[in-house]
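Structure first, commentary second.
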Amino acid sequence: GIKCAPITAARIAFFSSSECDDLKFLRHKSDTANEVRAVSIATSTSPTSLGTVDLPGTAPARGAATYGDIAYVGTDGNNAGAEFYVLDMTTSTAPVVVGSLEIGADVRAVAVSSTLAYLATSDNSRELIIVDVTTSTAPVILGSLDINGVQDGTAVALRDTYAFVT
């Protein structure tokens, strides 16, 4: 079922690039190389791959969200370190990892509002983790929520002052 937790941010933004407004990106959940791919959807019948990012380690990407020219990506538990990555997508043909954060669990889903990222995780005592992404090179955990009866957070969506976590 869906659980709700109040949040302080009130706006959800969708990805738009200063390069082109028709840029989207994909995450590769089963691929452990080039897990993130920028894709132009200017022509819906013929999407075009623009650039990729190979995240450190071998964990596949699981969740992704964007705000402005920044992409936020969560991965499975990663023996190479971080499970949360911040990517600069300003140049869509050459996205760059600019920051990361060790979560200690799978990051299954990501939602972003302004300077806060909301992570649905597999940590049974922190199914929802809130991250300050004001400084993209140094994201910081602000808080978390243990949702009783939920074994893993699998999805997160934002609306007004609420986070909906499944």
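What you see is a predicted model, and the numbers here were worked out from it, not measured in a lab. Hydrogens, waters and symmetry mates play no part in the numbers below; they use all other heavy atoms, side chains included.
Rounding to the nearest 0.5 angstrom, the gap separating the OG1 atom in T121 from the CD atom in E127 is 6.5 Å. Annotation: the span from L119 atom CG to L128 atom CG amounts to 7.5 Å, rounded to 0.5 Å. A distance of 11.0 Å separates CG in D69 from OG in S136, rounded to the nearest 0.5 Å. If you take CG on L55 and OG1 on T75, they are separated by 7.0 Å, rounding to the nearest 0.5 Å. Within the model, atoms CD1 of I130 and OG of S113 stand 11.0 Å from one another, a figure rounded to the nearest 0.5 Å.
If you chain together hydrophobic residues whose side chains sit under 4.5 Å apart, V140 and L87 never meet in one group.
At distances below 3.5 Å, not a single donor-acceptor pair connects side-chain atoms of E83 with backbone N or O atoms of V107. At least one donor-acceptor pair closer than 3.5 Å links the side chain of T154 to the backbone N or O of T166. Looking only at distances, no side-chain donor or acceptor of R159 sits under 3.5 Å from a matching main-chain atom of F164.
Taking the side-chain hydrogen bond (donor to acceptor under 3.5 Å, both in side chains) definition, one finds that S125 meets it with D123, sequence neighbours left out. Among residues two or more places apart in sequence or in another chain, the side-chain hydrogen bond (donor to acceptor under 3.5 Å, both in side chains) test is passed with D88 by T90. Listed by chain and residue number, T115, D132 satisfy the side-chain contact (heavy atoms from CB on, under 4.5 Å) test with T134 (two or more places apart in sequence, or in another chain).
Residues R126 and D146 form no side-chain contact, since every pair of their non-hydrogen atoms from C-beta on lies 4.5 Å or further apart.
The pair R108-D152 meets the salt-bridge criterion, with a side-chain N (NZ, NE, NH1 or NH2) lying under 4.0 Å from an Asp/Glu carboxylate O.
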